[in-house]
Amino acid sequence: MQFLRKTRYIRAPLIRFYTNNIMKYLNVAEKNDAAKNIASILSRGRSTRREGFSQYNKIYEFDGQVFGENCKMVMTSVSGHLMNYEFVSTFRNWQSCNPLTLFEAPVIKRCPQDFEKIKKTLEREIRSCQGLIIWTDCDREGENIGFEIIKVCTDIKPQLRVYRAKFSEITAASVFRALNTLGQANKNVSDAVDVRQELDLRTGAAFTRLQTLRYQQVFPAKLANKLISYGSCQFPTLGFVVERYQAIEDFIAEPFWKIKMNHTLKLTTEFLWKRERLFDKNSCEAILDHLKENPLATIESVESKAKSKWRPLPLDTVEMEKTISKKLRINAKDTMKIAEKLYTQGYISYPRTETNIFPKELNLTSLVEQQQNDNQWGPFARRIMTEGGPTPRQGRKSDQAHPPIHPTKYADNLQGNEKRVYEYVVRHFLACVHKDAQGFETVVHADISGEKFTAKGLIILEKNYLDVYVYEHWNGKEINNYERGDTFNPTTLEMVESQTGPPKLLTEADLIALMEKHGIGTDATHADHIDTIKSREYVGLHDIYFVPGNLGMGLVEGYNNIGLEISLAKPTLRADFENDLKLICEGHKDAEVVRREQIARYKAMFQTVAEKMRLIDATLANRLDDRPENVPDEPNVSVGGDDFRPALKCPRCGNDMIIKTKKDGVGKYLTCLGYPDCKNTSWFPNFVKNVEVTDQHCQECGPDCKLLKFTFRPNPFLGEPNPNVLCVGGCDENVNETLDVNLGNRRANNEVAPTRNVASQRAPQTQTPRAVQATTPRVIAAPPQANNQNHLPPPVARSTNSGNRPAANADEDVVCQCDQTAVLLTVRKDGPNKGKQFYKCAQSVCNFFLWDPHDAANAVARPVATTDTVDVQCRCNEKAPIRTVNKEGPNKGRQFYCCPNMQNSCNFFQWIDEPASEENENLNWSFRGKTSRGQGRKTQGTRGKRKCSKCGQEGHTKNRCPN
DNA sequence: GCAAGGTC
C-alpha cells in the first residue's frame, strides 16, 4: 500500500514535466504532399501518419530537434489559401445595390465552408503545441497563407511562438537548413496580397455585375443567359487577343519584288540580294534588265568564322510553359499541374520561379551524376562529367526565392505526360550546364554589275548540348566552294513577285509571353485566365491560334472607344498595380495607402463606364449585329441608407459591428458584419430614435470602439442631454443595461480577431506597431524554460527580463508595441472598472492596453497532487469539477475545470488538456483580466485583495481560505 | 451568377 501511494504520488510531477519541458511544434505546409515529404525528410522516414478532419490533409508525427533541443513535431497542411475575402451579406445579392457601392461595401475575410475541416484540424492540433512553424511556399501568396494559418492558431493560443521556415526546394539539405535558420513571417508581403485580393474582388464584382446586368437586358436575344465577367487579368488577356486580331484585320498587303539568283554546280547555292526587296516593280525590273546585260558574277570575298549556337538558359516557369506548349503540345495549365506534382514528389525543384541563375551553393555536379544511369540521357550526363563538369550558362533574373527548375532526384518510374515533363526538365538541365554547339560558317559575297549578293554555308562541328536537347535543331548548309576572284554565270537570275503578310494570330505560347511581359497574372494562373476568356466565349481557338468572338471584340472596342485614358483591356493598369504591390513588399509603400489609391482609381473608371454605357451599347450592337433595347442608365437598386461605418469590434468574432435600421424602418440595432457566421446582435429599445457612429473612440475601450450619438424619445438617462454620446463597449454597465446591449463574451482566449472591415487582417505576429493596432495587447512572455534560451524570442511578445518566470510579475517590465516600458495607470472614471490598474504606452504612440495582471483575481489555481489523482482547485480554494463543452464549435467535447459555486462563482476556468503550465498561467490571467471587464465581473482594483466567495473576507494569502 | 490566388 505504501509503495502504491508513493508511485501514484510521483505520477503527477512526471506528467507535468512532460507537458512543460518538451516543446511540441505544429508544422504547417501549403499542401499535403509538401507536408508529407518535409515530415519524411525531418523524421528520416520515421514519421507516423494519422487522419485529420480533412481527408486530403494528413497529420504526420515524429520526434525532432528545434533550436538544438529535442521536441515533438506534428506536421499537417492546408490546401492553399484558407480564407477568402467576401462582401458582407447585404451586398452579396446582385439586386441589393448599385454595383458602384461595391467599391466601399464592407468586406470580410473568412474561411469558406470547403476549408472548415482543415481549419478544425489546425484548431485541434495547436491546442497541444507550444510552437508553430510555417512551411508554406516561399512566395508572396505563401506568406499570406502563412498568416492565415497563424491567425487560426493564435486565435486558439495567443501566446504561441510562431516561426517561418524558408526553403526553396523540398530536399534534405534545403529543409534542414530551413529548420536551422527559422525566422519570422513577413507581414509586408502578406499585406500586399491582402490589398490585391480586396481590389480584385471589388473591381471584379462591380464591373461583372454592371456588364452582366446591363447587357442581358440590352441584348436579350444574344446575351440573356450570359455571364459577362470582368477581371483585372482576364480582360487584359482578352485585350491581347483582340489587339492581334485587329492588327490582322487592319492589315493591308503590299506587293514587293525581289531578284532571285542561284548558282548550280554539284550543289545549288542560293544567293540573297542585298537590297532584299523593292516595293516598286518598275525599279526592280530596271535593275534586273541591267543585270541581264552583263550577268557575270564575281566573288568579292569569302569569310569563314566559328559560329556557336547557345545552350539554353537555366529554366524558369514561363520558359517551361512556352516550350512545353510548343514542343510537347501540353498546354500550360496541364504543364504546371504536372510540374507541381513532380515537385511535391521531390523529383524536380519548385516549378514557379523567375530565376534563371543557379545559386553558387547548388551542387550541380551531384545533380548531373544522379542522371548518369539513365538509358537515354545517362551517357550525356557521364560525358558532362568527363568533359570538365557542369558549366551553366547564367541568365540575369532572380526572384531571390527559388533556383531555376532542375531535377532533384532521378526517376525512371514515371508514365505519360509526367514522364515527358520530367524528361524535358532533365534534358533542359543537362543542356544548360554543358556547352554551346559549335559550327563553322562561310559567308560568300558576290557582285553582278554593282548589285551585291550573299550566300551562307554552315558546317556543324560539335553538337554538344544539342545531343541531349532534342527540342532544338541546328542544320548545316553546304554551299559550293568559292574563292575570291572566282567568276560564274548564275544558273537563275530572275524577278520574283511576293507580298507582305499580316502578323500571325496568337498561340498560347505567344499569349503567355505577353502576359509575362506585362505582368498579367502569375506563373501559376496564366493558363487559368486563358481558360476563362474561352469559357466566357470572349475568344475561340482555331487550331492552335486564338481568335476573339464578337462579344469579346465588342467589349474591348467599347471600352477603348469611350475615351478612358487607360483602357480596362490594356495591361498597363494591372502592371502599375503590381508595381505598387512590390513596393509594399519591400516596405517602401504603405499597404493602406495603396489600397485607397487603387480603389479610388478603379472607382473613377467605373463611373466613367457607367456614364457612357450607351456608347458601349452601340459598339457591341455593331459586333453582335443586334439592335440594343432601350434600358435606363441607372440600375434600380439601392442599399437602404444604412451607415456601414464600424461602431466597434464584435467581441465574439472580431469583425466590425455596425448600426442598422430595423425592418420596420424605425428602430435601430447593432449587428456584426460577420453575419451569418456570427449572429451577434443587440436590438435597441424603442425609445432609441437614432444612432450615429461618431469619429471619436472611447478612451477606456480603445480605438476600435467608437462613441455613438444616441437620440432618444425620451431620454432614459435622466438629466443627460439628448442626443447623448455614449459608449456601448462595456466600460459603463449602466449604459449597456439601459440600452439592452449585451454583446456576449470575449473570445475564450481573449483574442479579438483582428479582421478589419476592409483590407488586411491584422495577425498578431506583425513586426510593426501599426499592424498590431487591432489586436489584443499581449503580456510580455518570457520563455517558459531556462534552457530554452537558444530559442528565438516570441515574435510579438518580448520581455525585458530573461528569467523563466511568467511575465508581468512584480519585478518585470511590461513592454508596449513600441518596445518601450509601459506605464501603469488607474481607472478614475466612475464605473465597474474604477480603481482598476492598467498598462498603456507611455508615449501614447501605440494602442497598447493591458489590465494589470497582478490582480489576485487573476491568479491561477495549480494542480495539487493527492494520493489518487491530480486535483485542481479553483480560486475559492475548492476542488474544481470537470465539465464538458456541449455547444457546437471547435471546442465541442473538450473538458474543462471550473468553479463549483454557481451563485458566487470565482469564474475560474481551465482547459483540462492544457495543464496550468507557467506559460499557460501567463495566458490565463491575461484572459481573465480582460474577460472580467467584458462581463462586468466585480474585481478588486487593489492587488492581492479579493473577497473570498467562501467566507466573505478579503486578502487571503495566495487566495486560500483559512476558514 | 462576380475576381484572382492558392490547391485536391
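Residue numbers start from 1 in every chain, and the chains themselves are labelled A, B, ... in the order their sequence lines are given, proteins ahead of strands. Worth saying up front: this structure is predicted, and the values here are computed from it rather than measured.
Between the side chains of R352(A) and T317(A), no donor N or O sits under 3.5 Å from an acceptor N or O. There is no side-chain donor-acceptor pair under 3.5 Å between T171(A) and S174(A).
Scanning for side-chain contact (heavy atoms from CB on, under 4.5 Å) contacts around C233(A) gives I520(A), H529(A), R574(A), with sequence neighbours left out. D528(A) pairs by the salt bridge (Lys or Arg N to Asp or Glu O under 4.0 Å) definition with K333(A), not counting sequence neighbours. The side-chain contact (heavy atoms from CB on, under 4.5 Å) search around K341(A) returns Q345(A), E418(A), not counting sequence neighbours. Legend: residues meeting side-chain contact (heavy atoms from CB on, under 4.5 Å) with R420(A), ordered by chain and number and at least two apart, are L328(A), I330(A), N417(A). Applying the ring-ring contact (aromatic ring centres under 6.0 Å, His included) criterion to Y538(A), with sequence neighbours excluded, gives no partner residue.
Within 4.0 Å of T212(A), counting heavy atoms only, lies at least one base atom of the nucleic acid. Across all strands shown, R140(A) has no heavy atoms under 4.0 Å from either base or sugar-phosphate atoms. Here E141(A) lies in heavy-atom contact (under 4.0 Å) with sugar-phosphate atoms only. Within the 4.0 angstrom heavy-atom criterion, base atoms lie near S79(A). Residue contacts shown for N84(A) include a base, since a base heavy atom lies under 4.0 Å away. Residue I118(A) is in base contact, counting any heavy-atom pair closer than 4.0 Å across all strands shown. Contact annotation for Q55(A): no contact, since no heavy-atom pair falls under 4.0 Å across all strands. If you check every strand for non-hydrogen atoms under 4.0 Å, Q216(A) touches a base. Nucleic acid contact for F115(A): base, since at least one base atom lies under 4.0 Å from a heavy atom of the residue. Backbone-only contact: G521(A) has heavy atoms under 4.0 Å from sugar-phosphate atoms and none from a base. As judged by a 4.0 angstrom heavy-atom cut-off over every strand, Y230(A) is placed among residues touching the sugar-phosphate backbone only.
For F87(A) and I145(A), each mapped to the nucleotide of DNA chain B holding its nearest heavy atom, the one lying further toward the 5' end belongs to F87(A). When the nearest nucleotides of DNA chain B are assigned to D114(A) and R209(A) by heavy-atom distance, the more 5′-ward of the two goes with R209(A).
Taking the 5' to 3' direction, DNA chain B first and last meets chain A under 4.0 angstrom from a heavy atom at dG1(B) to dC8(B).
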